[in-house]
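Order of listing sets the numbers, starting from 1, for every ligand and every atom in it. Predicted model only: the values in this text are computed from it and were never measured.
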Amino acid sequence: MSVPREDGFVHLADYTPPAWRVVHADLAFDLDPDATDVSARLELQPDPAQPGAPLVLDGEALTLLAISLDGQPLDASRYRHDGRQLHLHGVTDACVLETRVRIHPAGNTRLEGLYTSCDLLLTQCEPEGFRRITFFIDQPDVMPRWRIVLRAPRDAYPVLLANGNPVGTRALGGGRHEAIWENPHPTPAYLFAIAAGALERVTRTVTTMEGREVELNVWAEPADVPRCGYALGAVERSLRWDEQRFGRAYDLDVFNVVAAQYFTMGAMENKGLNIFNARYVLADQATATDADFMGIESVVAHEYLHNWSGNRVTLRDWFQLSLKEGLTVFRDSEFSADLHSRALKRIEAVRVLRGRQFAEDGGALAHPVRPDRYREISNFYTLTIYEKGAEVVRLLHTLLGEKVFRAGMDRYFADNDGRAATLEDFLAAHAGASGRDLAQFARWYSQAGTPELRITEAFDAAAGEYTLTVDQHLPPTPGQPDKQPLLIPLQLALYDASGAAINAPPACDAAVGEGRVELVARRHVLRWTGLAAKPLAAFNHGFAAPVKIVFDYAASDLARLAQLERDPFLRWDLLQQLATGALLRTLDPHAAAGALSDALADLLTDEAADPAFVAECLALPDFDTLAESVPVVDVDALIGAREALLDRLTEDQVEHLQARYEALADAAGDGLSGEAMGARALRNACLAWLTRLDPTAALAQAQFDGARGMTERLGALRCLVHFDAPGAEPALQAFRTAFADDPLVTDKWLGLVATRPHPETRDAIYALLRSPWWNPTNPNRVRAVLGAFARSNPLGFHRRDGGGYQLVAEQIAVLDAINPPVAARLLAAFEGWRRLAQPLRTRSREALAPLEGRLVSPDCRDLLQRLLAP
Ligand code: BES
Ligand code: ZN
């Protein structure tokens, strides 16, 4: 257990095992949105190594109705409840604690603990929500087995779900009924869940590789059930993939997924009862885009895969969060790569890393993949824990190779099954399986900041000698001024003047593997001899290392390498580098734009090129990625340069874009094949470029009117709205009306309006906040309007007068009282404020400073302090 120190922080170094364990938990719920009574019977055992340690349970927002110990009601002098914890005096031996508490789900706008979502009753317990349901030792290393009884009126709550296996149901008097569930696996409270309501389902039964029959169910409110089939298929694909790739079988008789309209996060991996944000469950082609379908499949996989990486092997403490999240993101990304295109999955991940995670790692909120202290753990569900954490697992996979990595994973699962583990346990399993010393590698977990590899080349023509000098630079981050060198596998390739790959490995003092060197020191010199001419070097194939490479290329080198490289990721990346160089003028802008234009022409006219890949190449580095590449962010200048380059490229390519758009019309028809999705992606990309040159937006209007599904419809509507086309308002109106009763589709058009790239969008947001569509208690709605504005509308959010910041700051203060984690996420949009060029730096500080006196939640207060810390 860890208690905060006087500085208000919980420290990793303070961890001690729990002084008391809950070995069995028996819960009974009398469900009612206005007053739910929870009876808990906990079998408690003291840790023999900590005799006499006081018995303290967590409990917040609970009304205590009854309490007894070993069957005897407890006198008020025997315990104390201070609103956060329940202290039991003089208890030293194993005992049974029984409590009855009352809670108020309908008033729970935090959506943590037991809450209402439309007519459903649902729970969300990670990380510390269970203490809002009943008194408990609410930390992940306390893992009882569970029995859960749910009672409710049958008409309002015909379906009663909980963790584990169903044991039985029976009718009670007065129109009430009861369901009993048992979860036989030791499970921490953060994985507890119940769901109750008028749910209906799609279902199928599968047999696992161990021969267990498992009923897979996806539950939703009745009107939504026709849109659950895709998610159900994704559950089955996930189950099969974990068997085949990791040898992991499912371990209960049922696997339930429930779709919720009110849900703060994307989805939650509760044991046997995953609860999902409806946007990651419900889909058909009329209402969901291709990106939605792909998102559903990968979120389903992520939560399913947690059953082993998170649930069977859980966390010792919250500092280990990346042990489940980073590992599971790695696993779900491998799932998507195996089922679809590995290269496209990698490109997608690298966009998020470069645009968002690198920014986090270089901003006010930077922290290591394993933080060493926190005030509020809910503020650490970050891109660093998730995405960088997944990259670190990928590094291990690269270093060890698939076979040894798999052996390490088998060992990790075998050694830690049923336990609460640490990142050391994870590394120990891989060290054991591989025989490698991973001590230096472990620094990836403890050091924050994105490493930079500064590479310089030299060629001695007389000697035929080519050298690359690689310097590892680790920037200082809050609390970590000095850093130790990391173990970095660097993939590289050299090409000679004819374009042939030079296969000879370099002479150097670093270990050399297949096409890579393993950097361990601050500097390495790599040397090749016997070369007739200076070769061309290419780095970081597949983005194997999550680092920034600094190397002085000429535009013509990048273009040539983009032709020579066989690694599709790197080909994409080289074109991104050309674009970045043109935009930031680190390359001769004319030469870079010309080379990029030629490369795009080749791609657009190459019938053999995968349309989805071409679409990725047309998507130039976004604002976040550009902002991340400069020391001081001049928002208007960056966006102005980007728009100018897009205009120029479109003028060059207009005929090719039109031809490609036309040629793919049939292939884009319908269906969810990779081919159809790729065709739609490229057509939408072409459409966005072509609309720049056409003030009437006739093509976009035609696509909107004739759309064969949501991908085409929304792609066209985005063009109409973002380019201020004459048809924008009528199209929006038609779209609004057609989907008026669908909250997920409503979020889509709200998102388009909120991201219209114009300073005036600020006023459109104020109008939305006064409209009937606004609902600050629904996190999806908040994200669609305010999240999209703050994160994806730089021209609006960073208005020169600070009006975008003011708007968002005001709303953060409102949301702080409704749903603190949602408010805190919005506040994190200010993480880069210190790097803004004036006057925006001052404007953002002026918007943040008054929040100091207004924000009350620990979540927001923690974040604000870190944002403003000198
Ligand atoms: N365990 C998390 C959900 C969660 C996050 C609960 C934060 C409480 C606080 C879940 O496994 C998860 O990571 N969900 C992601 C989506 C996933 C595909 C990365 C999410 O909710 O964003
Ligand atoms: Zn997760």
Side-chain angles (χ1 to χ4, degrees), residues 110-113 115 122-132 138 140 163 187-193 231 234-235 238 242 257-260 262-281 291-315 318 320-337 345 348-349 352-353 356-357 369 374 376-391 393 779-780 782-783 787 791 819-825 828 859:
R110 302 172 60 99
L111 314 185
E112 277 174 0
Y115 68 93
L122 296 177
T123 53
Q124 168 57 38
C125 293
E126 186 180 3
E128 296 180 332
F130 190 72
R131 61 189 63 183
R132 299 175 169 272
D138 188 9
N163 308 102
T187 302
Y190 83 85
L191 292 169
F192 172 87
V235 173
S238 307
D242 210 15
V257 167
V258 176
Y262 283 70
F263 196 79
T264 295
M265 302 296 297
M268 178 65 209
E269 71 267 24
N270 319 297
K271 184 77 190 184
L273 176 53
N274 289 4
I275 299 182
F276 271 59
N277 191 320
R279 64 183 294 222
Y280 291 117
V281 177
D292 293 331
F293 279 98
M294 297 307 281
I296 289 169
E297 188 184 53
S298 89
V299 177
V300 166
H302 179 94
E303 306 312 336
Y304 175 82
L305 296 174
H306 267 312
N307 192 53
W308 274 95
S309 48
N311 301 3
R312 284 288 285 258
V313 179
T314 194
L315 309 179
W318 291 116
Q320 319 299 328
L321 183 56
S322 196
L323 177 61
K324 75 177 178 83
E325 295 303 347
L327 177 55
T328 304
V329 170
F330 171 77
R331 275 156 47 76
D332 84 54
S333 70
E334 283 297 293
F335 164 85
S336 299
K345 183 70 196 172
E348 180 199 343
V352 175
L353 270 178
R356 304 277 317 279
Q357 195 278 324
V369 175
Y374 63 76
E376 268 305 316
I377 189 57
S378 69
N379 285 339
F380 282 85
Y381 288 78
T382 61
L383 290 150
T384 298
I385 304 290
Y386 276 69
E387 309 302 326
K388 187 174 181 180
E391 292 301 315
V393 177
N780 284 353
V782 175
R783 258 189 298 271
R791 287 282 186 189
N819 185 328
V822 166
R825 266 162 199 274
D859 312 56

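To the nearest 10 degrees, the angle centred on the Zn ion (ligand 2) between NE2 in H302 and OE2 in E325 reads 160°.
By the side-chain contact (heavy atoms from CB on, under 4.5 Å) test, E303 is found to be paired with A267, E269, N274, F276, V299, H306, residues two or more places apart in sequence or in another chain being considered.
Within 4.0 Å of ligand 1, contacts by protein heavy atoms are made from Q124, E126, M265, G266, A267, M268, E269, V299, H302, E303, H306, K324, E325, Y381, Y386.
Atom CG of L122 and atom CE of M268 lie 13.0 Å apart (nearest 0.5 Å).
At a cut-off of 3.5 Å, with distance as the only test, no side-chain donor of T187 or N163 sits close to an acceptor on the other residue.
Between K271 and N307, the shortest heavy-atom contact is NZ-OD1, 2.9 Å.
Checked for salt-bridge contact, K345 and E348 meet the test: a charged N lies under 4.0 Å from a carboxylate O.
Under the 4.5 Å side-chain criterion, counting only non-hydrogen atoms from C-beta, E128 is in contact with I377.
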